[in-house]
Protein chains: 2
Amino acid sequence: MARVRMRDVAEHAGVSVRTVSNVVNGYSHVSPDTRSKVQRSLDELGYRMDYLARGLRSGRTGFIALAVPFVAEPYFAELAEAVIRAAGRRDITVLIESTAGDSEVERRILEGGLTNVADGVLLSALTLPASDIATKKPDFPLVMLGEHSVGDQFPRVGIDNVEAARTAVEHLLGQGCRRIVALGRNGSENGRQRTEGYERAMSAARVRRVNWMVVPVEDWTRDQGYAAVRELLEGDGPLPDAIFAFNDALAVGALRALDASGVRVPEDVAVAGIDAIQESAYTHPPLTSIAPDLDVIAERALALLEEQMQSPNAPEQSPPAEVPREESAAPAIVEDTPFRLVIRDSSAWSPKTP
Amino acid sequence: MARVRMRDVAEHAGVSVRTVSNVVNGYSHVSPDTRSKVQRSLDELGYRMDYLARGLRSGRTGFIALAVPFVAEPYFAELAEAVIRAAGRRDITVLIESTAGDSEVERRILEGGLTNVADGVLLSALTLPASDIATKKPDFPLVMLGEHSVGDQFPRVGIDNVEAARTAVEHLLGQGCRRIVALGRNGSENGRQRTEGYERAMSAARVRRVNWMVVPVEDWTRDQGYAAVRELLEGDGPLPDAIFAFNDALAVGALRALDASGVRVPEDVAVAGIDAIQESAYTHPPLTSIAPDLDVIAERALALLEEQMQSPNAPEQSPPAEVPREESAAPAIVEDTPFRLVIRDSSAWSPKTP
DNA sequence: ACAGGACCTTGCAACGATGCAAAAGATCAC
DNA sequence: GTGATCTTTTGCATCGTTGCAAGGTCCTGT
């Protein structure tokens, strides 16, 4: 059975191809009679739209692309799930692309590598250096997820990383901890911001600088968290009384290392993370974490994307710019979405179940 | 800057559109002179292929679709990552679709809902009832992942679930466990097979039937594993001495429930799972599990898919079938891929680190 | 000098759908 | 009955690319 095209349906129903198209697209001026006749043929032949062909002609594919560094990282997987849910409510299909944390791939996406196949792009950039972001000005709908890009010339949706980190550290301070390790600084902007949140909280609590401690890692993964804490424990410095991990994956690794060394959590060392991935409710002990509202992030990101997709964009016929157009662009859209502090046993003494 | 088309490049370089196409596609009979001239224009104008248009004309999009029940389930996320890696080696882009475990969506995919946009489909079906699978005969390249479908008329790649389960249970038996609970039966074929593996192992070890125990769940998720074990512990029956969870997510939930109740693992109850998701190396204690080789699965699946994509398929002009074509189809291709038993502390007394 | 190739380049039509605008038919006021 | 208006249906061109096959040009061997 070869592919059924509109032409086939048209012949079967005895109408023109255009009329079939009208029925399929719910055009209003079609007589009920014709509509049902066509619909019957449609069903009978099992017609399915060729989205490629439609996309070619109409410029709309019905797809959006979501680019994340690693699909298998729980946070990104859960984010993807939220985006898929939100897109489903809008009859949009999500195409997920993995950048493998490669800045080359991220650059290619910024330059439009996915625009032919997707109407818009959600990019969760990991490594993209500020310089690249600053110079590019994409001519297609794009929304950045989660990362405060320096220039902020693209719309961005995500939690305020500084505030999130500060909230977590404040909580640990509130539990009486003072020697708090910040685990996870790396080259990323995100890492910088979470470091800043840590410093602000420590500073505000007047913790002596000698007790500050920032431990670098390469990636925000379980094994890096494990290795870093392992090293920390083997060192000869005094033990910290808390670990603030920049994400839950690091925290999971940290918990494992502490457990393996017989360090009690939270009695000896309290632990908190960021992301509140599902896994974090099942660690030993369950992990205190900052929970971004992924559904809100996805919803807002899609709304912003749709806004851009609807605006004519007017790339060519824009009237001669009055202002020389140098950085006179619209003010950056930066949406900070809400987050919650989820307190679990890893930082508190009132046991809870997942 | 509007979209740059081949026509624009052709004009800029002073050649025909077709020649540009030839250069872009690496056609061999192009003079070095022309090639470099075109290449220069290509770069200068920043040309990017419109994959939609190419796909429309040539029938090849360069995409394959991977449909999994839930992107956020670690096993599927890791599987997706493996598929993406394998596809990357072949210059294929993977489009990930989430079926949300909805058999309606799975059916739609089997009927070809993704064929316009993808050259082939990898489907990891969860709920698809045998009846549906049995009656459909897709006219596009399709490979099933992981699930032994009853009819097995589609190529399938994955571990032998019966053997995998048997291996895990044999290991627990080898540790001296006898009252082993199988955790995770549900309506799925996969669940049936893992139950069978459990039963075979128990039977072979001559464990008295009164000690067999199969606990049903709805989904193979952490919370279901937690709830089921919680219930088990609250019941008045004697405690099991081991839990064999049908996947690691269930095992993670089980471990948490045991931990919360103060049951020691593995001293009181040993635990083993299937999948060996990354998370399983970081549980308390680290989880013994069956590790399928995801890279092999992905690699073999793509190879089978490419085989189908290359074969002409000849759906219409096939010579009048000598045999009435009823179920005389080619023998099922079922590739069982290797797996390993990864022994960690949850079932053994020789401590290991992740 | 010329047929036969090999090499390079090109024009045309087509993939399956929709934008556009006009044609055909129906309805109504006067 | 006639034009005006509204509804319903249609034909044609077109989106950006590649398949096909032909048209050149330049060797090569005889």
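The chains referred to below are lettered A, B, ... by the order of the sequence lines, with proteins before strands, and numbering in each begins at 1. Atoms considered below: every heavy atom in the structure, side chains included; atoms not considered: hydrogens, waters and symmetry mates.
As rounded to whole Å, 13 Å separates atom P of dT17(D) from atom CG of Leu52(A). For Met6(B) and dG19(D), the CE to P distance is 11 Å, given to the nearest whole Å. One can place OH of Tyr47(B) at 11 Å from C1' of dT18(D), the figure rounded to the nearest angstrom. With rounding to whole Å, Leu56(A) atom CG is found 9 Å from dT17(D) atom P.
Residue Arg57(A) has no polar side-chain atom (N or O) positioned under 4.0 Å from OP1 or OP2 of dT14(D). Applying the 4.0 Å criterion to OP1 and OP2 of dT10(D), one finds that Thr19(A) has a side-chain N or O inside that range. Phosphate proximity of dT10(D) to Ser16(A): present, with a side-chain N or O under 4.0 Å from OP1 or OP2. Distances shorter than 4.0 Å separate none of the side-chain N or O atoms of Tyr51(A) from OP1 or OP2 on dT18(C).
In this structure, the side chain of Asp119(B) engages the main chain of Thr61(B) through a donor-acceptor pair within 3.5 Å. Under the 3.5 Å distance criterion, the side-chain polar atoms of Glu81(A) are matched with a main-chain donor or acceptor of Val71(B).
The pair Glu299(A)-Arg90(A) meets the salt-bridge criterion, with a side-chain N (NZ, NE, NH1 or NH2) lying under 4.0 Å from an Asp/Glu carboxylate O.
Closest to the side chain of Arg7(A), out of dC15(C), dT18(D), dT18(C), is dC15(C). For Ala53(A), taking side-chain heavy atoms from C-beta onward, the closest of the listed nucleotides dA17(C), dT17(D), dG16(D) is dA17(C). Checking dG16(C), dT10(D), dT18(C) against every side-chain atom of Asp50(A), the shortest atom distance belongs to dG16(C).
Across residues 21-34 of chain B, Asn22(B), Tyr27(B), His29(B), Val30(B), Ser31(B), Thr34(B) each have a non-hydrogen atom less than 4.0 Å from an atom of DNA chain C (numbered order).
Using a 4.0 Å heavy-atom criterion, one finds that Arg54(A) contacts the sugar-phosphate atoms exclusively. Note on Arg18(A): a base of the nucleic acid sits closer than 4.0 angstrom, heavy atoms only.
A 6.0 Å sphere centred on CG of Asp33(B) holds no more than 12 heavy atoms belonging to other residues, nucleotides or ligands. When the shell of 6.0 Å around OH of Tyr51(A) is examined, it contains 12 or fewer heavy atoms from other residues, nucleotides or ligands.
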